[in-house]
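FYI, the numbering just counts along the sequence from 1.
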Amino acid sequence: MDEYSDPTPIAAVEQFKAALLTVRDRIGVSPKDLAMLRAHCRAPNHTISTAQLAKELEYPNHGTVNMQYGTFAHHVADALHYIPPPVPSGDAHWWRTLSYGNDAAPQVDDGHYEWIMRPELVQALQEMKWA
């Protein structure tokens with residue numbers, strides 16, 4: 001397991017629900033944010049690459065997804081009072097708030113890294129009827 005693929009829970013279902021509501025009330029959850037969460041949550045095994053997510057959302061490229069996903073994840077992390085562990089570069093990878101990497105997968109068709117949505121977040125989104 002690499003440092004990006006740690007499935008250890010960072011928050012309970014109820015904490016994710018509270019964080020999502022905090023983000024909604026403080027900043028707002030845009031239709032694009034909601035579509036992104038739904039697409040990832042509804043993907044087979046809640047697993048998707050950034051390129052697949054870009055295609056699903058009709059974005060021009062995976063960079064747009066990285067930016068949107070990371071920004072939304074940062075808002076959720078702030079609401080959870082969570083800071084992802086640093087990576088060798090020292091940067092915080094905020095996407096790790098919502099998901100973890102699929103290091104067990106063979107190289108995906110599009111060549112991009114796969115994200116697995118955290119099970120606690122999946123359950124929170126489903127119970128809230130957001131996905």
Colleague: Check whether any side-chain heavy atom of Tyr100 lies under 4.5 Å from a side-chain heavy atom of Asp6, and answer yes or no.
Modeller: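 The answer is no, as the side chains (C-beta and beyond) never meet within the 4.5 Å cut-off.
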
Colleague: Do the side chain of Asn61 and the main chain of Gly63 share a donor and acceptor less than 3.5 angstrom apart?
Modeller: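 Checked: pair present.
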
Colleague: Determine yes or no for a side-chain-to-main-chain donor-acceptor pair under 3.5 angstrom, with Asp78 supplying the side chain and His81 the backbone.
Modeller: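 Side chain of Asp78 to backbone of His81: no pair is present.
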
Colleague: Is there a side-chain contact between Glu14 and Glu127 in this structure, where contact means two heavy atoms from C-beta onward sitting under 4.5 Å apart?
Modeller: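 A side-chain contact exists here, since the closest heavy-atom pair is under 4.5 Å.
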
Colleague: Working note: Tyr69 + Trp115, criterion ring-ring contact (aromatic ring centres under 6.0 Å, His included); need CA distance, chi angles, decisive distance, verdict.
Modeller: CA-CA 11 Å; Tyr69 199 96; Trp115 291 335; 4.1 Å; yes

Colleague: Evaluate Gln15 against Tyr82 for side-chain contact (heavy atoms from CB on, under 4.5 Å), listing each step before the verdict.
Modeller: CA-CA 11 Å; Gln15 290 171 306; Tyr82 169 75; over 6 Å; no

Colleague: Taking atom types as modelled, is there a side-chain donor on Gln68 or Thr71 under 3.5 Å from an acceptor on the other?
Modeller: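 Their side chains do not contain a donor-acceptor pair, so the 3.5 Å distance test is not met.
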
Colleague: Please check if the side chain of Arg118 supplies one atom and the backbone of Pro9 the other of a donor-acceptor pair under 3.5 Å.
Modeller: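 Here the side-chain-to-backbone pair does not exist.
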
Colleague: Give, for atom SG of Cys41 and atom CG of Leu121, the distance between the pair rounded to the nearest 0.5 Å.
Modeller: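 It is 7.0 Å, given to the nearest 0.5 Å.
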
Colleague: Quick check: do Tyr59 and Lys32 have side-chain heavy atoms less than 4.5 Å from each other?
Modeller: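 Yes, side chains in contact.
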
Colleague: Hey, are the side chains of Thr97 and His74 touching, using non-hydrogen atoms and a 4.5 Å cut-off?
Modeller: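 In short, these two side chains do not touch, never coming nearer than 4.5 Å.
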
Colleague: Is there a path of hydrophobic side-chain contacts, each under 4.5 Å between heavy atoms of I, L, V, M, F, W or Y residues, that connects Leu98 with Met128?
Modeller: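 Same cluster: Leu98 reaches Met128 through Ile, Leu, Val, Met, Phe, Trp or Tyr contacts under 4.5 Å.
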
Colleague: Is the closest side-chain heavy-atom distance between Ser99 and Ile116 below 4.5 Å?
Modeller: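 They are not in side-chain contact.
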
Colleague: So, does His40 use its side chain to make a donor-acceptor pair with the main chain of Met117 at under 3.5 Å?
Modeller: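 Yes, the answer is positive, given that a donor and an acceptor are paired below the 3.5 Å cut-off.
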
Colleague: In terms of hydrophobic clustering (I, L, V, M, F, W, Y; side-chain heavy atoms under 4.5 Å; direct or indirect links), are Val13 and Val23 co-clustered?
Modeller: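 Not linked; separate clusters.
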
Colleague: Report whether Trp94 and Leu80 are members of the same hydrophobic cluster (ILVMFWY, side-chain heavy atoms less than 4.5 Å apart, transitive linking).
Modeller: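 Result: no, two separate clusters.
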
Colleague: Checking Ser5 side chain against Gly101 main chain: does a donor-acceptor pair fall under 3.5 Å?
Modeller: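 Indeed, once roles are kept as given, a pair shorter than 3.5 Å links the two residues.
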
Colleague: Looking at CD1 of Ile27 and NE2 of His75, how far apart are the two atoms once the value is rounded to the nearest 0.5 Å?
Modeller: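 Nearest 0.5 Å value for the CD1-NE2 distance: 4.0 Å.
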
Colleague: Would you please say whether a donor-acceptor pair under 3.5 Å links the side chains of Glu56 and Gln52?
Modeller: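 Gln52 and Glu56 do not have a side-chain donor-acceptor pair below 3.5 Å.
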
Colleague: Kindly work out whether a path of hydrophobic side-chain contacts (I/L/V/M/F/W/Y, heavy atoms less than 4.5 Å apart) joins Val76 to Leu53.
Modeller: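 Val76 clusters together with Leu53.
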
Colleague: If you look at every heavy atom in Lys17 and Ala124, which pair is closest and at what distance?
Modeller: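 Taking every non-hydrogen atom into account, CG-CB, 3.5 Å.
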
Colleague: Could you give me the CA-CA distance, side-chain angles and deciding distance for Phe16 and Leu125, then say whether side-chain contact (heavy atoms from CB on, under 4.5 Å) is met?
Modeller: CA-CA 9 Å; Phe16 269 117; Leu125 290 168; over 6 Å; no

Colleague: Leu20 versus Val29: any side-chain heavy-atom pair under 4.5 Å?
Modeller: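 Side chain of Leu20 against side chain of Val29, heavy atoms only: no contact under 4.5 Å found.
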
Colleague: Is there a side-chain contact between Tyr113 and Tyr4 in this structure, where contact means two heavy atoms from C-beta onward sitting under 4.5 Å apart?
Modeller: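 Answer yes - side chains close enough.
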
Colleague: Could you tell me whether the side chain of Pro84 reaches within less than 4.5 Å of the side chain of His93, counting heavy atoms only?
Modeller: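 No, too far: nothing below the 4.5 Å cut-off.
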
Colleague: Test side-chain contact (heavy atoms from CB on, under 4.5 Å) on Leu57 and Met36 and set out the steps.
Modeller: CA-CA 7 Å; Leu57 299 173; Met36 176 185 64; 3.9 Å; yes

Colleague: Tell me if a side-chain donor or acceptor on Arg26 pairs with a main-chain N or O of Leu21 at a distance below 3.5 Å.
Modeller: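 A pair under 3.5 Å: no.
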
Colleague: Check the side chains of Ser30 and Asp33 for a donor-acceptor pair under 3.5 angstrom, ignoring hydrogens and angles.
Modeller: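 A pair is found: one side chain offers a donor N or O, the other an acceptor, under 3.5 Å apart.
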
Colleague: Count the heavy atoms of every other residue, nucleotide or ligand shown that sit under 6.0 Å from CD1 of Ile83, and state whether that count exceeds 12.
Modeller: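 No.
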
Colleague: Counting only heavy atoms from other residues, nucleotides and ligands, does the tally under 6.0 Å from CG of Asp91 exceed 12?
Modeller: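 Yes - once you tally the heavy atoms of other residues, nucleotides and ligands closer than 6.0 Å, there are more than 12.
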
Colleague: Distance from Asn102 atom CG to Glu114 atom CD, nearest 0.5 Å?
Modeller: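 Rounded to the nearest 0.5 Å, the CG-CD separation comes out at 5.0 Å.
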
